[in-house]
Amino acid sequence: MSGFLGVDWANPSSLGYPVIFGGVLLGSVVPVVPTGAVVGAGAAIAVSGGHLDLVLVVLLSTLGALVGDLVTFGAGRGGRGALSRWFERRQSPEKLAGARDRFAARGWVLVVVGRLVPAGRIPVLLAAGALDYPWRRLVPAAAAACLLWAVAYAALGVLSGGLFDNPLVATVVATFLILLVTLAVGGVQRLRRRGEERRGAA
């Protein structure tokens, strides 16, 4: 049944590739869209009888995430004067120098981990921009990170799509699984931070 904007809401595959790419891109620039859920839903549709190709879902998700990350990093570099002053006010010169050293030594690891960890991407990219991390190193690291991220969330979608033949049910289950995983990872992070704070206080 065709509904609002001519979209068949009972068949999520009618949303198509532009929504996957656009949703991931928008959520990567302005974190108002759960981008992992978009990828998982697209993958679930692809393997549950919907009219989407799994490889294209992963590639478009990777591309949307990469463009969004480069925009975020570019904003960090463009405003690095203000961002640098912000970091300097909140960090000692030793810690700021240490951050620059960490980015110089293993910046690609920080970029990859920042993309995979919930709420870690934007702070890492803005810090990299403010600390003048070079584009030639950022782009390949971000591309690898976005591909790993897209494959990971697509795998959750494939899992739900393999269990349910109905694309709508598979989409709902994939979204639920991804939200659960995101909450679990975020909870583990908070517990680790609290443990580190307690050890530091002791």
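Side chains are part of it too, since the values below use all heavy atoms of this structure and drop only hydrogens, waters and symmetry mates.
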Which value, rounded to the nearest 0.5 Å, describes the distance between [X] atom [atom1] and [Y] atom [atom2]?
X: Leu126; Y: Arg121; atom1: CG; atom2: CZ; result: 9.0 Å
X: Leu25; Y: Ile20; atom1: CG; atom2: CD1; result: 13.5 Å
X: Asp69; Y: Leu125; atom1: CG; atom2: CG; result: 5.0 Å
X: Arg115; Y: Thr35; atom1: CZ; atom2: OG1; result: 6.0 Å
X: Leu131; Y: Leu110; atom1: CG; atom2: CG; result: 10.5 Å
X: Ser61; Y: Leu66; atom1: OG; atom2: CG; result: 12.5 Å

* By side chain to side chain contact (heavy atoms under 4.5 Å, CB included), which residues pair with Val55, not counting sequence neighbours? -> Asp53, Leu59

Could you list the donor-acceptor pairs under 3.5 angstrom formed by side chains in residues 136-149, with sequence neighbours left out?
none

* Minimum-distance pair of heavy atoms, taken over all atoms of Ala43 and Ala154 -> CB-O, 3.4 Å

* Asked: What closest approach, in Å, do Val57 and Val39 show between heavy atoms, and which atom pair accounts for it?
  -> CG1-O, 4.1 Å

* Asked: What residue pairs, at least two apart or across chains, pass ring-ring contact (aromatic ring centres under 6.0 Å, His included) with a residue in residues 109-145?
  -> Phe73-Trp135, Phe103-Tyr133

